[in-house]
Enquirer: 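Encoded as structure tokens, here's the structure I'll be asking about.
These figures come from a predicted structure and were not determined experimentally.
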Amino acid sequence: MAEKPKHKMSTADRAKQFMPFSALKGLDEALKEKEKIIVPKVELSEDSMVELDRKMHLLKSGMIITVIYFCKDEYIKLTGIVAKIDINNQILQIVNTRIKFDDIYDILIQEP
């Protein structure tokens, strides 16, 4: 009769054996950071500011919008549902992302 092994490896531990191995920890993140193109924040023209203000006044919670905003030396384009518009703190929240009004470059309102 065969003897049972004393230490049985769990399924999770066995799965770890086949996970990708990175000999250079952090290399992927460093390469992504290196690829990032740093851009200065654009100052909006008076006309652009008026148009942006008009769009901001149309926003309501629950609307689906695309917002282009400045964050950490780059512009990000985010599409999602307006969760909150905080006039006092000048914050627009798209799902879980909080964006300062001053960082917004443009807003595209999705038609229903």
Side-chain angles (χ1 to χ4, degrees):
M1 221 190 244
E3 195 173 307
K4 285 187 178 180
K6 292 181 182 179
H7 302 291
K8 186 172 181 179
M9 190 181 292
S10 73
T11 305
D13 287 338
R14 280 186 287 170
K16 286 180 188 176
Q17 293 180 24
F18 300 102
M19 292 178 69
F21 173 72
S22 177
L24 301 173
K25 234 180 199 359
L27 179 62
D28 290 336
E29 291 81 16
L31 289 174
K32 284 179 186 173
E33 191 65 30
K34 189 80 169 165
E35 292 172 358
K36 182 176 163 181
I37 298 170
I38 296 173
V39 296
K41 187 174 179 181
V42 174
E43 288 294 322
L44 296 177
S45 68
E46 190 65 35
D47 290 342
S48 295
M49 288 173 69
V50 168
E51 179 63 16
L52 186 58
D53 185 60
R54 182 189 70 76
K55 291 176 182 179
M56 290 288 290
H57 280 88
L58 295 174
L59 297 182
K60 292 180 177 52
S61 291
M63 292 177 82
I64 297 174
I65 67 167
T66 298
V67 63
I68 301 169
Y69 66 99
F70 188 77
C71 180
K72 299 178 184 173
D73 299 326
E74 66 180 338
Y75 279 90
I76 297 172
K77 185 176 184 179
L78 173 69
T79 300
I81 297 173
V82 176
K84 186 176 180 182
I85 305 163
D86 185 343
I87 302 296
N88 295 332
N89 295 312
Q90 299 205 335
I91 301 283
L92 173 64
Q93 185 171 333
I94 308 299
V95 188
N96 292 325
T97 304
R98 297 168 51 94
I99 305 165
K100 293 180 188 174
F101 286 2
D102 289 344
D103 291 334
I104 297 173
Y105 178 76
D106 197 10
I107 295 173
L108 307 164
I109 300 172
Q110 307 292 322
E111 295 299 321

Enquirer: Between CG of D53 and CG of L58, what distance do you get to the nearest 0.5 Å?
Expert: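 Going from the CG atom of D53 to the CG atom of L58 covers 10.0 Å.
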Enquirer: For a side chain to side chain contact (heavy atoms under 4.5 Å, CB included) with I65, tell me which candidate from L108, V82, I81 qualifies.
Expert: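 That would be V82.
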Enquirer: Can you give me the closest heavy-atom contact between L92 and F101, atom names plus distance?
Expert: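 Scanning both residues completely, I find the closest heavy atoms to be N-CE1, 3.6 Å.
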Enquirer: Under a 3.5 Å distance rule, please check whether Y75 uses its side chain to pair with a backbone N or O of Y105 as donor and acceptor.
Expert: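 No, the answer is negative, given that no donor and acceptor are paired below the 3.5 Å cut-off.
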Enquirer: Are side-chain heavy atoms of I107 and T66 found at a separation under 4.5 Å?
Expert: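 No. Closest side-chain heavy atoms not under 4.5 Å.
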Enquirer: Are I85 and I91 linked, directly or through other ILVMFWY residues, by side chains that come within less than 4.5 angstrom of each other?
Expert: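 No.
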Enquirer: Could you name each residue pair satisfying salt bridge (charged side-chain N to carboxylate O under 4.0 Å, His left out) that touches residues 55-67, not counting sequence neighbours?
Expert: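 Residue pairs passing salt bridge (charged side-chain N to carboxylate O under 4.0 Å, His left out), neighbours aside: K55-D106.
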Enquirer: Could you give all pairs that pass the salt bridge (charged side-chain N to carboxylate O under 4.0 Å, His left out) test and reach residues 81-102, with sequence neighbours left out?
Expert: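 Counting only pairs at least two positions apart or across chains, no salt bridge (charged side-chain N to carboxylate O under 4.0 Å, His left out) contact touches residues 81-102.
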Enquirer: Any heavy-atom pair between the side chains of I109 and L59 that's under 4.5 Å?
Expert: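 Yes, close enough: below the 4.5 Å cut-off.
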Enquirer: So how far is it from M49 CE to M56 CE, rounded to the nearest 0.5 Å?
Expert: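 The CE atom of M49 sits 12.0 Å away from the CE atom of M56.
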Enquirer: Taking all heavy atoms of C71 and all of I76, pick out the closest pair and write down the distance.
Expert: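 Closest approach of C71 to I76: CB-CD1, 3.8 Å.
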Enquirer: Could you tell me whether N96 atom CG has more than 12 heavy atoms of other residues or ligands within 6.0 Å of it?
Expert: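 Atom CG in N96 is not packed in, count stays at 12 or less.
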Enquirer: If you group Ile, Leu, Val, Met, Phe, Trp and Tyr by side-chain heavy-atom gaps below 4.5 Å, do V50 and V67 land in one group?
Expert: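 The answer is no; the residues belong to distinct hydrophobic clusters.
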Enquirer: Distance-only, no hydrogens or angles: does the E46 side chain make a donor-acceptor pair with backbone N or O of S48 under 3.5 Å?
Expert: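 No.
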Enquirer: I need the minimum non-hydrogen distance between Y69 and I104, along with the two atoms involved.
Expert: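 Of all heavy-atom pairs spanning Y69 and I104, the closest is CB-CA, 4.1 Å.
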Enquirer: Quick one: do I68 and I64 end up in the same hydrophobic cluster if we chain Ile, Leu, Val, Met, Phe, Trp and Tyr together by side-chain heavy atoms under 4.5 Å apart?
Expert: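 Different clusters: I68 never reaches I64 through Ile, Leu, Val, Met, Phe, Trp or Tyr contacts under 4.5 Å.
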Enquirer: If I compare all heavy atoms of S61 with all of A83, which pair ends up nearest, and what's the gap?
Expert: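 It is OG-O, 3.5 Å.
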